[in-house]
> 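Below you'll find the structure I mean.
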Amino acid sequence: MRLFAALRHRGLSAAVGLSAWRLKAVRGQSRMSSSSSLPVAAVCQMTSTPDKEANFSTCTRLVEQAKEGGACMVFLPEGFDYIGSNREETLQLSESLDGDLISRYSHLARKLDVWLSLGGFHERGHDWKTDRRIYNSHVIINGQGELVSVYRKAHLFDVELTSKGVSLKESAFTVPGPRLVSPVQTPIGKVGLGVCYDLRFPELSSALRRHGAEILTYPSAFTVATGTAHWEVLLRARAIETQCFVLAAAQVGAHHPKRTSFGHALAVDPWGEVTGDCGGSDEALTLVQIDLQRLRDVRRDMPVQQHRRDQHFYCSLD
């Protein structure tokens with residue numbers, strides 16, 4: 001897995017901001033097409049606000065630039081649609097999967113012939129008219145604009161870190177998802193779906209790995225306090241223990257006066273090496289090649305899955 005939009009050269013940052021990306025896109029695309037046929041993924045970083053139209057414009061620009069750089073699949077973060085400033089605004093701005101916003105993203109995917117990972121859509125729940133609650137849904141759209149998978153976030157972020165100034169209760173307006181979904185076959189490999197706080201639960205990633213995942217993805221909006229302490233180490237741990245690529249799009253910066261996100265959208269290879277980091281300040285994207293032969297080599301040389309005991313062994317203390 002190699003980084004293209006973030007080549008380290010004379011100490012340059014390992015991320016390409018939007019202002020610099022246009023200058024590098026053509027050269028990056030020609031280098032990839034001449035050197036390898038490996039598929040390319042784009043991992044994006046943005047700053048969503050309550051302004052849905054502005055957020056869509058940002059995402060469209062990122063997806064277009066990713067396509068220009070040779071990406072066949074683009075990963076957008078949790079809250080790509082918006083991040084509301086309060087509970088009522090968050091609910092009021094939500095939509096159903098057959099609403100206008102997902103339709104626009106389907107059109108964008110079809111127009112550019114690119115797969116999209118829409119990493120945390122505020123989806124109105126099945127009983128919206130009676131309970132006004134939503135799902136935090138990870139939506140996959142293929143290059144024909146078809147919705148091919150939806151995973152609804154299972155682990156909700158209800159945390160009070162008084163000493164860190166973090167207080168969020170996602171369950172106040174969000175319904176936990178009822179189940180995992182099978183990894184999705186995409187142009188870059190089999191992608192297993194999670195969302196943000198799911199990252200802290202290795203049982204989820206292990207289950208996806210058992211069902212064939214080659215890439216795990218955790219689109220996120222980590223707080224600055226938790227991101228500083230845990231973001232990279234958790235992503236690397238999930239990659240190492242499952243021997244999967246891990247792609248984690250991220251929110252960055254101030255969304256409104258009450259909320260700021262950590263950033264550092266990352267790409268990690270199956271050995272646990274960070275191969276792309278968008279930094280902690282600006283909207284950006286990073287392009288990475290997905291080398292499934294490297295994944296197979298890592299799994300062959302250290303056959304962790306073969307060494308696992310059956311489930312009864314791990315429950316023997318219960």
Side-chain angles (χ1 to χ4, degrees), residues 15 43-51 55 58-59 75-91 93-94 117-122 134-138 152-177 193-202 204-205 216-239 246-268 274 276-286:
V43 182
C44 298
Q45 180 166 288
M46 64 181 293
T47 308
S48 289
T49 71
D51 188 336
N55 299 333
T58 296
C59 290
F75 292 78
L76 294 171
E78 182 182 33
F80 71 95
D81 50 352
Y82 64 89
I83 292 181
S85 59
N86 56 58
R87 179 183 185 275
E88 192 53 40
E89 183 176 52
T90 298
L91 293 173
L93 292 172
S94 66
S117 162
L118 305 178
F121 172 68
H122 296 81
I134 61 177
Y135 291 109
N136 188 338
S137 300
H138 189 160
R152 296 176 174 95
K153 184 179 180 182
H155 302 97
L156 302 182
F157 191 70
D158 286 3
V159 175
E160 294 280 348
L161 303 178
T162 306
S163 64
K164 303 290 186 181
V166 175
S167 177
L168 287 169
K169 190 170 184 179
E170 191 174 13
S171 66
F173 52 86
T174 305
V175 183
L193 307 182
V195 179
C196 199
Y197 193 49
D198 287 331
L199 174 60
R200 294 182 181 270
F201 300 88
L204 183 148
S205 58
L216 299 175
T217 183
Y218 297 98
S220 297
F222 256 55
T223 69
V224 173
T226 56
T228 301
H230 302 147
W231 174 244
E232 181 177 320
V233 69
L234 284 170
L235 290 168
R236 294 182 68 193
R238 298 295 85 85
V246 173
L247 305 179
Q251 292 284 345
V252 68
H255 309 290
H256 49 72
K258 299 178 183 178
R259 187 168 174 185
T260 302
S261 290
F262 178 65
H264 290 281
L266 289 186
V268 186
V274 175
D277 184 341
C278 284
S281 59
D282 300 316
E283 293 173 354
L285 64 83
T286 187

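Numbers for residues simply follow the sequence, beginning at 1.
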> Looking at Arg238 and Val246, what are the two nearest heavy atoms and their distance?
C-CG2, 4.3 Å
> Quick one: does Asp282's side chain have a donor or acceptor within less than 3.5 Å of a partner on Ala284's backbone?
no
> Test your reading of the model: is there a side-chain donor-acceptor pair from Gln45 to the backbone of Ala265, 3.5 Å cut-off?
yes
> So if I apply the ring pair (Phe, Tyr, Trp, His ring centres under 6.0 Å) rule between His122 and each of Phe173, Phe80, Tyr82, which one comes out positive?
Tyr82
> Counting only N and O atoms by type, is there a donor-acceptor contact under 3.5 Å from the side chain of Thr228 to the main-chain atoms of Ala225?
no
> Measure from the ring center of Tyr197 to the ring center of Phe157 and say whether it is less than 6.0 Å.
yes
> How close do Gly276 and Thr286 get, heavy atom to heavy atom, and via which atoms?
CA-OG1, 4.1 Å
> So how far is it from Cys59 SG to Leu118 CG, rounded to the nearest 0.5 Å?
8.0 Å
> Go through the steps to decide whether Val43 and Leu266 satisfy the test side-chain contact (heavy atoms from CB on, under 4.5 Å), and finish with yes or no.
CA-CA 7 Å; Val43 182; Leu266 289 186; over 6 Å; no
> Hey, what do you get for CD (Glu283) to SG (Cys278), rounding to the nearest 0.5 Å?
11.0 Å
> Determine whether a donor-acceptor pair (N or O, by modelled atom type, separation under 3.5 Å) exists between the side chain of Glu89 and the backbone of Pro50.
no
> Where do Ser205 and Pro202 come nearest, in terms of heavy atoms and distance?
OG-O, 2.9 Å
> Roughly how far, to the nearest 0.5 Å, is CG of Leu216 from CG of Asp198?
11.0 Å
> Kindly indicate whether the side chain of Phe262, heavy atoms from C-beta on, has any atom under 4.5 Å from the side chain of Thr226.
no
> Might you point out which heavy atoms bring Met46 and Asn55 nearest each other, and give the distance in Å?
CE-O, 4.0 Å
> Taking Val195's backbone N and O only, do any of them form a donor-acceptor pair with Glu78's side chain (distance below 3.5 Å, no angle check)?
no
> Keeping His256 on the side-chain end and Gly84 on the backbone end, is there a donor-acceptor pair under 3.5 Å?
yes
> If every non-hydrogen atom of Glu170 is compared with every non-hydrogen atom of Lys153, which pair is closest and at what distance?
OE1-NZ, 3.0 Å
> Among residues two or more places apart or on two chains, list those pairs meeting salt bridge (Lys or Arg N to Asp or Glu O under 4.0 Å) that have a residue in residues 216-233.
Glu232-Arg236
> Distance check, rounded to the nearest 0.5 Å: Leu234 atom CG versus Ser220 atom OG?
10.0 Å
> In Å and rounded to the nearest 0.5 Å, what is the OG to CG distance from Ser85 to Leu93?
8.5 Å
> Measure the spacing between CG of Leu247 and OH of Tyr218 and express it to the nearest 0.5 Å.
11.0 Å
> Between Pro77 and Cys44, what is the shortest heavy-atom contact and its length?
CD-O, 4.1 Å
> Looking only at atom types and distance, does a side-chain atom of Trp231 sit under 3.5 Å from a main-chain N or O of Phe222, one as donor and one as acceptor?
no
> Does a side-chain heavy-atom distance below 4.5 Å link His255 with Thr47?
yes
> With distance as the sole test, does Thr49 use its side chain to make a donor-acceptor pair with the main-chain N or O of Asp51 at under 3.5 Å?
yes
